Structure formats: structure tokens, C-alpha cells
A.B. asks: 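My structure is below; once you've seen it, I'll send some questions.
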Amino acid sequence: MAWLRTWAFQAIFYGGSVVFVLMSPLAALIDRRVLVALVHQWCRFHRLACALILGIRSRAQGVPPPGQYLYAAKHHAMYETLELVLMLGDPVVVIKQELARIPIWGWAVQRFGAIVVDRDASATALRAMMQQARAAKAAGRSVLIFPEGTRVPEGARPPLKSGFAGLYRAYGLPVVPVAIDSGRNWPRGKPKRAGVVTFAFDAPIAPGAGREAIEAAVHTAINRLEP
């Protein structure tokens, strides 16, 4: 039954997502607010499909504080990417360069608001990331990053990528760690499991901490729900 639910979800969600992808360039050309509304509808479609087909729902421990922050979240699955867009409203999302290169969709994602990360982490790429972070701050928008760099299985605690500390320094605003336990419900390459995914928002950490201190604090906070 778990595999049947998983296959049904993939067919319905990804099939329905084609409509949103095809509409995104037009929405982006009309107005960014129209694109944001379309993205939120897509995220709500994902939330509904997860709840009705997979039996997966979300609960929050704490709430995103009002104001502008750098959100650093644990990353197990696509699930939290779309859920956090809804929870945070209109964040600038840090994405891999490969996603930005997807025809049409990559352009629309950048139009929504994204900071593109080059995995090679060259000096030029890091400078570009800092510039995009400052632009997000000037626009009054929060930034969402998955500082471990990629999706990881339940229980994994890889070190944070070097770009996180640079972004924290360039953005110059408090960071809110977000622990997420979606790995048990959304294991990679396995059937999805019904249950509740917890999003635990930590207290903001002020800007100005040294690299070792901020990395240690955020690493501990985002992994506090891990088994």
C-alpha cells in the first residue's frame, strides 16, 4: 500500500505540476506578485496531495518570528522546501546552480527570488552569492538556506558547507535554525510513510558571531530532531 500511495502521489503531483511550470513564465512576465501567488498555489497543491494521498502533514514547534531573517533548515526531502515557502511567505531561496539552468523553470525560479550557489565555490561565485544576499536584504526579504548543502538521510549530520558562514556574514541579519524530521516520512528511494513532519523553529541567533561559533550553533540546532 505504501508503494501504491507513493506512485499515486507522484502521478498526481508531478502531472499537475506541469500546469504550474507552463504558467510560471507568463506569470513572471506579468508581475512578480502574480508569480508569487502562482508558486504559493503550487505549494498548497503539494500540501494537499501529501495530506490526502500520503497521509503526511506538518506541525510547527514555535513560529517564524516577524521580520527579516536568514533561515537555516535541515534538508531531508523536497517536502520541506515547498512547506517552508508557505510558512515563510516570500523568502529568497538558496538553490544549486543546476536548478537555475533548467529551461524556463530556472528563469522563473530566479524571477521569484533565488540565490544561486556554484558547488565549485570559486571566489567569483562566492562574491556573486554575497551580492545576491545583500540585494535580498535591501528588498526586505528573508533568505532560506539548507546549510548542509543537499538532502541527507534520517540521522545524518554532515558538516555545514562553507558558503553558509559567508552568507550569514554578508546578509548581516539574525539566523533562525529550523530542525525538520521529514526523513522518516520521506525516505529517499523508498515509499513515503504517513505521519506528521515537525518544523522546529529555534530562537534567532544575532549577527556578528565568528565562523566556528555560528556553524556549531546552527549545526546543533538543525539536528536536534535527529534520532
Side-chain angles (χ1 to χ4, degrees), residues 6 9-10 12-14 16-18 20-21 24 35-51 53-54 56-60 64 69-102 105-117 119 129 132-133 136 141-154 156 158 160-161 163-164 167 175-190 192-193 195-201 218 222-223 225-226:
T6 299
F9 169 81
Q10 291 173 341
I12 293 172
F13 174 69
Y14 290 108
S17 293
V18 171
F20 291 95
V21 171
S24 62
L35 177 61
V36 170
L38 179 68
V39 170
H40 283 187
Q41 286 300 107
W42 180 52
C43 293
R44 292 187 184 97
F45 171 55
H46 175 261
R47 177 182 284 179
L48 185 64
C50 287
I53 302 171
L54 298 175
I56 297 176
R57 293 174 171 81
S58 300
R59 69 180 171 195
Y69 294 90
L70 172 61
Y71 288 90
K74 187 71 179 179
H75 196 16
H76 289 301
M78 181 184 73
Y79 181 83
E80 56 265 15
T81 306
L82 303 188
E83 280 291 292
L84 283 169
V85 168
L86 283 178
M87 291 180 177
L88 303 181
D90 187 21
V92 173
V93 183
V94 178
I95 64 171
K96 296 179 290 188
Q97 191 176 57
E98 293 86 341
L99 295 176
R101 289 175 174 169
I102 297 174
W105 178 246
W107 174 80
V109 168
Q110 292 182 74
R111 175 71 171 153
F112 174 82
I115 295 174
V116 181
V117 176
R119 286 185 173 183
M129 187 175 75
Q132 293 173 81
R141 299 176 67 189
S142 291
V143 170
L144 169 62
I145 186 173
F146 299 102
E148 292 173 335
T150 189
R151 292 174 292 173
V152 298
E154 182 184 21
L160 306 190
K161 296 295 184 181
F164 165 72
L167 183 60
V175 56
V176 176
V178 188
I180 302 166
D181 61 0
S182 60
R184 60 185 177 182
N185 303 97
W186 203 286
R188 198 167 185 177
K190 296 180 181 179
K192 311 298 185 282
R193 302 168 187 158
V196 178
V197 175
T198 299
F199 289 75
F201 292 88
V218 169
I222 67 173
N223 284 294
L225 297 181
E226 296 303 297

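Owing to the predicted nature of the structure, the values given are computational and were not obtained by experimental measurement.
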A.B. asks: Return the set of residues passing side-chain contact (heavy atoms from CB on, under 4.5 Å) with K192 (not counting sequence neighbours), or none when no residue passes.
C.D. replies: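 Result, side-chain contact (heavy atoms from CB on, under 4.5 Å) vs K192: T6, Q10, L54, I56, W186.
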A.B. asks: Suppose we screen for ring pair (Phe, Tyr, Trp, His ring centres under 6.0 Å). Which residues come up paired with F146, at least two apart in sequence or across chains?
C.D. replies: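 Checked F146 against ring pair (Phe, Tyr, Trp, His ring centres under 6.0 Å); matches are H75.
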A.B. asks: Less than 4.5 Å apart, any side-chain heavy atom of V93 and any of I115?
C.D. replies: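 V93 does not reach I115 side chain to side chain.
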A.B. asks: Would you please name every residue forming a side-chain hydrogen bond (donor to acceptor under 3.5 Å, both in side chains) with R44, sequence neighbours left out?
C.D. replies: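 Listed in chain order: Q41.
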A.B. asks: Between W42 and F20, what is the ring plane arrangement, given parallel below 30°, perpendicular above 60°, and tilted in between?
C.D. replies: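 Tilted, since the angle between the ring planes falls between 30° and 60°.
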A.B. asks: Mind checking whether I222 and L160 have side chains closer than 4.5 Å, heavy atoms only?
C.D. replies: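 A side-chain contact under 4.5 Å exists here.
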A.B. asks: State, with a plain yes or no, whether a side-chain heavy atom of L225 is found less than 4.5 Å away from one of I180.
C.D. replies: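 A side-chain contact is absent here, since even the closest heavy-atom pair is not under 4.5 Å.
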A.B. asks: Please report the closest heavy-atom contact between S182 and E80, naming both atoms and the distance.
C.D. replies: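 Result for this residue pair: OG-OE1, 2.6 Å.
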A.B. asks: R47: which residues meet the salt bridge (charged side-chain N to carboxylate O under 4.0 Å, His left out) condition with it, sequence neighbours left out?
C.D. replies: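 Only E83 meet the salt bridge (charged side-chain N to carboxylate O under 4.0 Å, His left out) criterion with R47.
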A.B. asks: The criterion is side-chain contact (heavy atoms from CB on, under 4.5 Å); which residues satisfy it with L48, sequence neighbours excluded?
C.D. replies: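 Result, side-chain contact (heavy atoms from CB on, under 4.5 Å) vs L48: L52.
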A.B. asks: Only counting residues at least two apart or in another chain, list the ones meeting ring pair (Phe, Tyr, Trp, His ring centres under 6.0 Å) with Y71.
C.D. replies: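 Partners of Y71 under the ring pair (Phe, Tyr, Trp, His ring centres under 6.0 Å) test: none.
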A.B. asks: Looking at every heavy atom in both R188 and R151, which two are closest together, and how far apart are they?
C.D. replies: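 Between these two residues, the closest heavy atoms are NH2-NH2, 2.9 Å.
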A.B. asks: Going by the rule salt bridge (charged side-chain N to carboxylate O under 4.0 Å, His left out), which residues pair with R57 if we only count those two or more places apart in sequence or in a different chain?
C.D. replies: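 Checked R57 against salt bridge (charged side-chain N to carboxylate O under 4.0 Å, His left out); zero matches.
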A.B. asks: If every non-hydrogen atom of N185 is compared with every non-hydrogen atom of G195, which pair is closest and at what distance?
C.D. replies: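 Looking at all heavy atoms of both residues, the shortest contact is ND2-CA, 3.4 Å.
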A.B. asks: Not counting sequence neighbours, which residues clear salt bridge (charged side-chain N to carboxylate O under 4.0 Å, His left out) with R184? List them please.
C.D. replies: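 Result, salt bridge (charged side-chain N to carboxylate O under 4.0 Å, His left out) vs R184: D181.
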A.B. asks: Looking only at heavy atoms, what is the nearest atom pair of P177 and V218, with distance?
C.D. replies: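 Smallest interatomic distance, heavy atoms only, reads CG-CG2, 4.4 Å.
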A.B. asks: Mind checking what makes side-chain contact (heavy atoms from CB on, under 4.5 Å) contact with V116, not counting sequence neighbours?
C.D. replies: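 V116 satisfies side-chain contact (heavy atoms from CB on, under 4.5 Å) with I95, Q97, A100, Q110, Q132 only.
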A.B. asks: Would you name the heavy atoms of G149 and K161 that are closest together and state the gap between them?
C.D. replies: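 Minimum heavy-atom contact is CA-CG, 3.8 Å.
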A.B. asks: With the side chain counted from C-beta on, respond yes when V92 and L144 share a heavy-atom pair under 4.5 Å apart, and no when they do not.
C.D. replies: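 The answer is no, as the side chains (C-beta and beyond) never meet within the 4.5 Å cut-off.
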A.B. asks: Keeping the roles fixed (side chain from R59, backbone from V197), state whether a donor-acceptor pair exists under 3.5 Å.
C.D. replies: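 No.
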A.B. asks: Can you tell if the side chain of S24 reaches within under 4.5 Å of the side chain of L38, non-hydrogen atoms only?
C.D. replies: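 Counting from C-beta outward, S24 and L38 do come under 4.5 Å.
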A.B. asks: Could you give me the CA-CA distance, side-chain angles and deciding distance for L88 and Y69, then say whether side-chain contact (heavy atoms from CB on, under 4.5 Å) is met?
C.D. replies: CA-CA 10 Å; L88 303 181; Y69 294 90; over 6 Å; no
A.B. asks: K74 vs E148, test: salt bridge (Lys or Arg N to Asp or Glu O under 4.0 Å). Steps then yes/no.
C.D. replies: CA-CA 7 Å; K74 187 71 179 179; E148 292 173 335; 2.9 Å; yes
A.B. asks: Can you tell me how far the CD1 atom of I53 sits from the CZ atom of F13, to the nearest 0.5 Å?
C.D. replies: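 Those atoms lie 10.0 Å apart.
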A.B. asks: Between F201 and A60, what is the shortest heavy-atom contact and its length?
C.D. replies: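 Distance-wise, the nearest heavy atoms are CE1-CB, 4.4 Å.
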A.B. asks: Taking the side chain as everything from C-beta on, heavy atoms only, tell me whether L167 gets closer than 4.5 Å to I145.
C.D. replies: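 Result yes, sub-4.5 Å side-chain heavy-atom pair found.
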A.B. asks: With a 4.5 Å cut-off on side-chain heavy atoms, are P158 and V152 touching?
C.D. replies: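 V152 vs P158: side chains touch.
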A.B. asks: Classify the angle between the aromatic ring planes of F199 and Y79 as parallel (below 30°), tilted (30 to 60°) or perpendicular (above 60°).
C.D. replies: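 F199 and Y79: tilted rings.
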A.B. asks: For R111, give me all partners under side-chain contact (heavy atoms from CB on, under 4.5 Å), at least two apart in sequence or on another chain.
C.D. replies: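 Per chain and number, R111 pairs via side-chain contact (heavy atoms from CB on, under 4.5 Å) with A28, R32, L35.
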